[in-house]
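To keep things clear, I will list the structure first and then write my remarks on it.
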Amino acid sequence: MPSTLDPAAVRHWCTRALDALRRGREEIDTINVFPVADGDTGSNLCLTLAAADRALRTPEAECRTAAEAMRTAAHGALLGACGNSGTILAQLMRGMAEVYADPDGRGEPSGADLLRRGLRRAADAAYEAVAHPVEGTMLSVARAAADAAAATPGNDGAAVARAARDGARTALAATPGQLAVLARAGVVDAGGRGLLVVLDALAATLSGDEPDPPEPARPLAAPDTPRRSAPEPRHAPRGDGEEQTSPAFEVMYLLDADEDAVHRLRGALDALGDSLVVIGGEGLWNVHVHVDDAGAAVEAGIAAGRPHRVRITHLASAPDRHAAGATPDCAGEPPPERTRAVVAVVRGEGLAGLCEEAGACVVRAPAGGGADEDTLTAAVRGCGAREIVLLPNDPELHVTAVRAAERARTHGVRVAVVPTRAAVQGIAALAVHDPGARFDEDVVAMTSAAGATRYGEVAVAAREAWTTAGVCQAGDVLGLVEGDVAVIGDDVARTASDVLERMLAAGGEMVTLVVGPHAPDGLAARLEAQVRRGHLGVDTVVYEGRAGAGPLLVGVE
């Protein structure tokens with residue numbers, strides 16, 4: 001194995017770190033209590049590093065030097081960065097790439113000294129990107145790694161990497177003593193924990209060893225130290241250590257702008273919210289901030305330059321947003337300029353990924369709630385298209401969507417609202433969406449497809465209530481058809497079978513099943529078999545709802 005980074009070693013490092021993060025994703029998500037207890041740090045780190053790894057594997061990525069490989073990985077991470085932790089990781093990679101690209105202005109780098117300076121620049125760049133750096137986070141872990149590397153003499157790159165890893169491990173163990181929120185929860189910092197995984201993969205790559213066994217996420221504590229198995233209520237200390245209620249939305253977008261405009265943008269966003277991280281350079285930036293007014297955050301980006309790939313997430317819906325092994329929903333190259341776009345409101349990562357694969361701009365709604373008018377307006381304007389088709393996917397959001405469309409029209413955007421009442425109707429509309437057709441023709445086709453799709457759902461009652469099928473108790477399984485409760489049962493599989501049969505009684509050509517993460521094992525296979533047995537000529541397609549989705553959504557076209 002090489003004792004310093006070359007192109008093959010950079011690729012091996014990214015792949016190795018990504019594999020390790022995927023194995024530890026759930027544990028890291030569990031201990032995520034800072035800056036917001038939204039349970040997604042491990043997932044965001046996985047998604048960000050997956051974007052870097054994928055960039056290195058594209059046919060165009062013919063990296064002949066370590067500098068080219070580092071730059072390619074850093075650019076991929078910049079485009080695919082997710083969440084606060086993922087954005088910081090992308091900046092760490094960018095800092096290292098800067099040193100490898102031009103260590104002394106004398107060409108191709110080599111040696112342990114380069115790795116030392118790369119780790120130092122990475123830590124400094126991360127601190128520079130965060131508006132209000134807080135100690136006891138992955139920032140302090142990164143700085144400790146750089147300090148340990150700098151104190152290691154000699155020209156053995158593997159020894160420098162091992163020292164950085166050991167320094168990070170020591171700093172991670174100290175994080176509960178630096179942040180009270182970590183001490184109360186009895187955990188170490190989740191972002192720092194993820195960074196240790198990445199540095200461990202670096203040390204293993206250069207040493208030719210297997211990575212060390214995972215460190216326990218929870219520090220050893222005295223018997224009377226309280227521990228928590230779940231995140232605390234959402235709050236986030238600012239730089240002064242004061243705890244505040246955190247904002248409602250996470251807003252992220254890529255931004256084409258010059259440095260002066262970005263400097264002004266930092267000030268504007270810092271006044272709007274917290275957890276502000278801006279990374280990038282050379283005209284392309286990745287912006288991350290937590291705010292209460294998502295629309296204002298996007299408007300600030302519009303004033304600074306051209307925002308695109310806008311992603312707005314309600315932080316109340318963030319826990320468990322990403323399922324293990326999920327395809328990264330925020331990675332890849334920026335979409336090309338387009339005249340028309342579709343904005344879809346969805347719940348559940350599986351549906352979000354499905355809609356994004358179909359080319360839609362997705363607004364993730366909180367479980368049990370919907371997006372507000374400002375959020376929808378910001379998403380419509382943030383798509384950067386002159387024509388927008390808006391899919392609310394919820395009857396209660398229709399009026400809100402119409403108002404958001406009216407506001408967007410005052411800015412010269414042509415917007416049409418397709419009155420989709422459920423996610424499966426939105427999927428049907430997206431299936432016939434044709435950006436090459438005339439706008440009116442496209443809207444009519446999408447509206448027709450949505451209207452021809454009957455929809456049903458299986459859910460669990462949260463409380464006693466009157467329904468169209470009688471009185472339900474908390475914990476009862478409800479089968480809904482077209483929004484009305486048709487079945488009250490005690491078993492998800494039996495209720496799902498009943499709902500499906502009722503929906504197919506009027507005929508159909510295609511059944512769409514969106515199966516949630518808490519559905520019984522084998523539910524999709526049982527329902528597919530039911531369709532094959534009793535409804536010849538009807539096709540079935542199954543999608544994973546993943547985190548945030550209910551037990552089952554059913555569509556019949």
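Atoms considered below: every heavy atom in the structure, side chains included; atoms not considered: hydrogens, waters and symmetry mates.
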In this structure, CD of Glu373 is separated from CG of Leu397 (nearest 0.5 Å) by 11.5 Å

At their closest point, which heavy atom of Ala404 faces which heavy atom of Leu376, and how far apart are they?
-> CB-CB, 3.7 Å

Would you say His411 has more than 12 foreign heavy atoms packed within less than 6.0 Å of its NE2?
-> yes

Would a distance-only check, ignoring hydrogens and angles, find a side-chain to backbone donor-acceptor pair under 3.5 Å from Asp147 to Ala149?
-> no

Would you kindly check if the NZ (Lys) or CZ (Arg) of Arg71 is within the cone defined by 45 degrees around the ring axis of Tyr100 and under 6.0 Å from the six-membered ring centre?
-> no

Would you give the length of the straight line joining atom CG of Leu49 to atom CZ of Arg54, rounded to the nearest 0.5 angstrom?
-> 10.5 Å

Smallest heavy-atom separation, Ala90 atom then Ala77 atom, equals CB-O, 3.6 Å

Report yes if some heavy atom in the side chain of Arg407 is under 4.5 Å from a heavy atom in the side chain of Asp374; otherwise report no.
-> yes

Going by heavy atoms in the side chains, are Glu68 and Pro7 under 4.5 Å from each other?
-> no

Would you call Asp19-Arg16 a salt bridge at under 4.0 Å N-O?
-> no

Go through Met70 and Met93 one step at a time and tell me if the side-chain contact (heavy atoms from CB on, under 4.5 Å) criterion holds.
-> CA-CA 7 Å; Met70 289 294 299; Met93 297 176 70; 5.5 Å; no

Rounded to the nearest 0.5 Å, what's the gap from CZ on Arg121 to CD on Glu98? Could you check?
-> 4.5 Å

Contact summary for Glu135 and Ser140, nearest pair of heavy atoms | OE1-CB, 3.2 Å

May I ask you to decide if Ala148's main-chain N or O and Thr152's side chain share a donor-acceptor pair within less than 3.5 Å?
-> yes

Residues Thr15 and Asp53: side-chain donor-acceptor under 3.5 angstrom = yes

Any donor-acceptor pair under 3.5 Å from Thr41 side chain to Asp29 backbone = no

Can you find a pair of side-chain heavy atoms, one from Arg193 and one from Glu27, that are under 4.5 Å apart?
-> yes

Are Arg169 and Asp166 ion-paired here, with the side-chain N under 4.0 Å from a carboxylate O?
-> yes

Shortest non-hydrogen pair, Gly76 vs Ala51, comes out as O-CB, 3.3 Å

Closest approach of Gly136 and Leu182, non-hydrogen atoms and distance?
-> O-CD1, 3.5 Å

Nearest heavy-atom approach of Gly118 to Met96 is O-CG, 3.3 Å

Given side-chain contact (heavy atoms from CB on, under 4.5 Å), test Val413 with Val380 step by step and report yes or no.
-> CA-CA 8 Å; Val413 181; Val380 167; 4.2 Å; yes

Examine distances only and state if a side-chain atom of Tyr127 and a backbone atom of Ala122 form a donor-acceptor pair shorter than 3.5 Å.
-> no

Within-4.5 Å side-chain heavy-atom neighbours: Leu139 and Ile88 | yes

So, Asn84 and His290: side-chain donor and acceptor under 3.5 Å apart, yes or no?
-> no

Atom CD of Glu128 with >12 non-hydrogen neighbours under 6.0 angstrom = yes

Between OG of Ser43 and CD1 of Ile28, what distance do you get to the nearest 0.5 Å?
-> 9.0 Å

Find out whether Arg386 and Arg340 are in side-chain contact, i.e. whether some heavy atom of one side chain is under 4.5 Å from a heavy atom of the other.
-> no

Atom pair CG (Leu206) and NE2 (His12), whose distance is rounded to the nearest 0.5 Å | 9.5 Å

State the CZ-CG distance between Arg264 and Asp258, to the nearest 0.5 angstrom.
-> 6.5 Å

Going through the distances and angles, do Val343 and Leu391 end up as a side-chain contact (heavy atoms from CB on, under 4.5 Å)?
-> CA-CA 6 Å; Val343 174; Leu391 307 176; over 6 Å; no

So do the side chains of Pro176 and Val188 get within less than 4.5 Å of each other, counting heavy atoms only?
-> yes

Keeping the roles fixed (side chain from Thr175, backbone from Asp189), state whether a donor-acceptor pair exists under 3.5 Å.
-> yes

Which pairs would a plain distance check flag for residues 280-287, meaning a side-chain donor or acceptor within less than 3.5 Å of a matching protein atom at least two apart in sequence or in another chain?
| unit_1 | atom_1 | unit_2 | atom_2 | d |
| --- | --- | --- | --- | --- |
| Trp285 | NE1 | Ala257 | O | 2.9 |
| Asn286 | ND2 | Leu78 | O | 2.7 |

Assess whether side chain to side chain donor-acceptor pair (under 3.5 Å) is satisfied between Thr375 and Asp372, documenting all intermediate values.
-> CA-CA 5 Å; Thr375 301; Asp372 60 27; 2.7 Å; yes

Contact check, side chains of Arg306 and Leu254, non-hydrogen atoms, under 4.5 Å = no

Quick one: does Arg266's side chain have a donor or acceptor within less than 3.5 Å of a partner on Val278's backbone?
-> yes

Is the shortest heavy-atom distance from the side chain of Met138 to the side chain of Leu172 under 4.5 Å?
-> no

Look only at the side chain of Arg409 and the backbone of Val415, and say whether a donor-acceptor pair between them is shorter than 3.5 Å.
-> yes

